[in-house]
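To keep things clear, I will list the structure first and then write my remarks on it.
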Amino acid sequence: MVTGEPSSRILTHADRCDVRGCGARAFARGLFSELREEQKTAAVDMCGHHFLTAPASFREQAYHVIDETDRILED
């Protein structure tokens, strides 16, 4: 899991939760490899709620997780 200082933040206000019907601002991103043949890496963005309630398998299957949930009350 990666967290960063404010200058190294990756997710922006434009990034949205990919969970169907949510669309809230994303504070976490999981990177997965080889989900599709034509795409070697896929990113799944999640809002704080969906990330914190995601199954452990989400974190286990992702090869890299960006967790910026510490920012939820900042902005």
Side-chain angles (χ1 to χ4, degrees):
M1 204 170 297
V2 172
T3 57
E5 295 302 316
S7 61
S8 65
R9 299 296 190 178
I10 294 171
L11 298 166
T12 69
H13 287 281
D15 295 307
R16 297 291 166 194
C17 183
D18 291 326
V19 175
R20 184 184 305 219
C22 182
R25 182 175 173 194
F27 286 96
R29 175 175 289 158
L31 299 176
F32 299 85
S33 62
E34 300 179 17
L35 288 180
R36 297 182 183 151
E37 290 179 22
E38 71 274 5
Q39 182 175 329
K40 292 190 179 198
T41 301
V44 177
D45 291 346
M46 289 186 168
C47 65
H49 165 77
H50 285 117
F51 177 69
L52 295 174
T53 60
S57 61
F58 176 82
R59 291 172 187 85
E60 292 167 2
Q61 292 175 10
Y63 72 83
H64 187 71
V65 175
I66 299 161
D67 179 358
E68 295 183 0
T69 55
D70 61 311
R71 297 178 62 193
I72 291 174
L73 299 177
E74 275 183 15
D75 298 330

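In this chain, numbering begins with 1 at the start of the sequence shown.
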Check your understanding: Which pair of heavy atoms, one from Arg59 and one from Phe51, lies closest together, and at what distance?
Key -> NH2-O, 2.7 Å
Review point. Name the one of Val65, Val44, Ile10 that satisfies side-chain contact (heavy atoms from CB on, under 4.5 Å) with Arg29?
Key: Ile10
Check your understanding: So, for Asp70 and Asp67, which heavy atoms are closest and what is the spacing to 0.1 Å?
Key -> OD1-O, 4.0 Å
Practice item. Any chance you could measure Ile66, atom CD1, to Asp15, atom CG, to the nearest 0.5 Å? Key: 9.5 Å
Distance-only check: which donor-acceptor pairs under 3.5 Å involve side-chain atoms of residues 16-24, not counting sequence neighbours?
{"residue": "Arg16", "atom": "NH2", "partner": "His13", "partner atom": "O", "Å": "3.0"}
{"residue": "Asp18", "atom": "OD2", "partner": "Asp45", "partner atom": "N", "Å": "2.7"}

Practice item. Any salt bridge (charged side-chain N to carboxylate O under 4.0 Å, His left out) involving residues 47-57? Give me the pairs, sequence neighbours left out, ordered by first then second residue. Key: none
Review point. What are the two closest heavy atoms between Ala28 and Leu11, and how far apart are they?
Key: N-CD1, 3.3 Å
